[in-house]
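A note on names: the letters A, B, ... follow the listed sequences, proteins ahead of strands, and every chain is numbered from 1.
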2 protein chains.
Amino acid sequence: MEENIFRKLLEERGWRLTKQRNAILQKAFSYKGHFDPESLYLAMRGKGMKASRASVYRTLNLLCECGLVEKVGKTEQGTIYEQSAGRKHHDHMICIQCGEIIEFYSEKIEKLQEKICRELDFKGKNHTLEIRGYCRHCHAGENGLEGDSSHGY
Amino acid sequence: MEENIFRKLLEERGWRLTKQRNAILQKAFSYKGHFDPESLYLAMRGKGMKASRASVYRTLNLLCECGLVEKVGKTEQGTIYEQSAGRKHHDHMICIQCGEIIEFYSEKIEKLQEKICRELDFKGKNHTLEIRGYCRHCHAGENGLEGDSSHGY
DNA sequence: TCTTCCATTGAGATTGAGTCTCAATATAGT
DNA sequence: ACTATATTGAGACTCAATCTCAATGGAAGA
């Protein structure tokens, strides 16, 4: 039961595992992939478990500090989170048509980043690599119409 | 004079090069590096050239569509832009202590991304790679205290 | 030049994510 | 149970960004 991991991590920092925090925790981990605070909040209202918007945001921040959850990025619709406990690091492709998010991982890219950090004397803590474009389903039939081939794509 | 390039691009789309648009254009291009809409707006108020906040946001969106300017990313303080006309694509390191932004470019990383896109049948349009951490000046003297070495850094 | 038409502007209202406030409530330790 | 402290939640607040709509202004024709 992962709740115990949470409790331990929380207690190490002198935090309490309250009903609300636990509920938010459970809900966050019920998502296999990505989620945003507002959806999580609304989804919880539906069920018996409820917590205020303020608590949802507060708790998500705590979970981030614990390293159980992490911010993937900011979009027009707000911050996107995902659970990170036990998950391997990965990067994202985002379809700008349908919004699909595809995860990928490249050992080579990771290594190259480390190399560049060393070269520039930068102490990297984390990073995000986000490729925006059209997914398999959305670029079917298009003839590469508009724009911006300046990046070599 | 780059203004002519702008005018041509605007006219191609049936847009007018108004005083305000031109002023915003000039101001945006006066930045060598990154800028945000609010700063640009405030900086303009100071000078003779002025435009409303609404026009600044509207015009920056137009400039993005033209490809003259591009969104680098979203931060707590809002969207960061940079001019992209004539500039080579590059990625960013951001110091989470002092906010310094370091630009870098890696041909190898670019190529790897293209390869991964092909493999996953994803039509990449653009991307952002952002490494967060501590710059040369800010990590001096630290002993790698807190956190998150899970990414290999 | 005058007039009509339509794009553009700007002040302020509005939205929406996220944070803050603070009184009420819950919990831990004694 | 009592006290001290942590937490909660409703709603106020902040701030970026967009929207509204009356007023402005430039372009093209009469």
Side-chain angles (χ1 to χ4, degrees), chain A residues 6-28 34-66 69-81 99, chain B residues 3 6-7 9-28 34-66 69-81 99:
Chain A
F6 312 152
R7 178 175 280 114
K8 179 169 290 181
L9 278 161
L10 287 167
E11 283 176 356
E12 276 176 18
R13 306 193 179 211
W15 297 334
R16 296 173 190 164
L17 184 54
T18 60
K19 269 194 292 291
Q20 289 87 341
R21 283 181 179 165
N22 194 28
I24 294 165
L25 231 42
Q26 299 301 332
K27 197 70 196 173
H34 309 85
F35 64 91
D36 63 283
E38 190 64 14
S39 305
L40 187 143
Y41 166 68
L42 293 174
M44 285 184 61
R45 304 243 53 154
K47 315 290 177 178
M49 16 155 76
K50 60 178 170 179
S52 67
R53 216 180 298 261
S55 287
V56 168
Y57 280 99
R58 274 189 298 236
T59 302
L60 286 178
N61 281 334
L62 294 183
L63 293 180
C64 275
E65 290 175 34
C66 279
V69 143
E70 86 189 27
K71 293 185 185 182
V72 172
K74 279 177 163 285
T75 70
E76 310 304 322
Q77 291 74 245
T79 302
I80 304 294
Y81 289 82
Chain B
E3 183 183 322
F6 312 153
R7 178 175 281 112
L9 278 160
L10 287 167
E11 282 176 357
E12 276 176 18
R13 306 194 179 210
W15 297 333
R16 295 176 191 164
L17 184 53
T18 61
K19 269 194 292 289
Q20 289 87 342
R21 283 180 180 165
N22 194 29
I24 295 165
L25 228 45
Q26 298 301 333
K27 196 70 196 173
H34 308 85
F35 64 91
D36 62 284
E38 189 65 14
S39 306
L40 188 143
Y41 166 67
L42 292 174
M44 285 183 61
R45 305 241 54 153
K47 314 290 177 180
M49 17 155 75
K50 59 178 173 179
S52 66
R53 219 179 298 261
S55 287
V56 169
Y57 281 98
R58 275 189 298 236
T59 302
L60 286 177
N61 282 334
L62 294 183
L63 293 180
C64 275
E65 289 175 35
C66 280
V69 143
E70 86 187 26
K71 292 185 186 182
V72 173
K74 279 178 162 285
T75 70
E76 311 304 321
Q77 290 75 241
T79 302
I80 305 294
Y81 289 83

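Listed by chain and number, the residues in a ring pair (Phe, Tyr, Trp, His ring centres under 6.0 Å) with A:Tyr57 amount to none (sequence neighbours excluded). Checked against side-chain hydrogen bond (donor to acceptor under 3.5 Å, both in side chains), A:Glu38 has the following partners two or more places apart in sequence or in another chain: A:Arg53. Residues meeting the side-chain hydrogen bond (donor to acceptor under 3.5 Å, both in side chains) test with A:Thr18, sequence neighbours left out: none. Scanning for ring pair (Phe, Tyr, Trp, His ring centres under 6.0 Å) contacts around A:Phe35 gives A:Tyr31, A:Tyr81, with sequence neighbours left out. The side-chain hydrogen bond (donor to acceptor under 3.5 Å, both in side chains) check on A:Arg58 picks up A:Ser55, with sequence neighbours excluded.
Taking atom CZ of B:Arg21 as the reference point, atom P of C:dG10 lies 11 Å away to the nearest angstrom. Distance CG (B:Leu10) to P (D:dA27): 14 Å, rounded to an integer number of Å. The separation between B:Trp15 atom CH2 and D:dA27 atom C1' is 19 Å, rounded to whole Å. The CD atom of A:Gln20 sits 18 Å away from the P atom of C:dA24 (whole-angstrom rounding). Taking atom CE of residue A:Met49 and atom C1' of nucleotide D:dT8, one finds them 17 Å apart after rounding to whole Å. Distance A:Leu42 CG to C:dG18 P: 13 Å, rounded to the nearest Å. Atom CD of B:Glu11 is separated from atom P of D:dG26 by 15 Å (rounded to the nearest Å). With rounding to whole Å, A:Lys19 atom NZ is found 15 Å from C:dA28 atom C1'.
For the OP1/OP2 pair of D:dG9 and a distance below 4.0 Å, the side-chain nitrogens and oxygens of A:Ser55 include at least one atom meeting the criterion. For the pair A:Thr18 and D:dT8, the criterion of a side-chain N or O lying under 4.0 Å from OP1 or OP2 is met.
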* Go through the steps for A:Asn22 and A:Gln26 under the test side chain to side chain donor-acceptor pair (under 3.5 Å), then give the verdict. => CA-CA 6 Å; A:Asn22 194 28; A:Gln26 299 301 332; 3.1 Å; yes
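Within the 4.5 Å cutoff, the side chain of B:Met44 has heavy atoms near those of the B:Ile24 side chain.
For A:Arg16, the side-chain atoms get nearest to D:dT7 when compared with the rest of C:dA11, D:dT7, C:dA7.
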* To do: Assign a letter to each nucleotide of nucleotides 15-23 of chain D from its 5' end: B, base within under 4.0 Å of a protein heavy atom; S, sugar-phosphate only; -, no contact.
  => -SSBB----
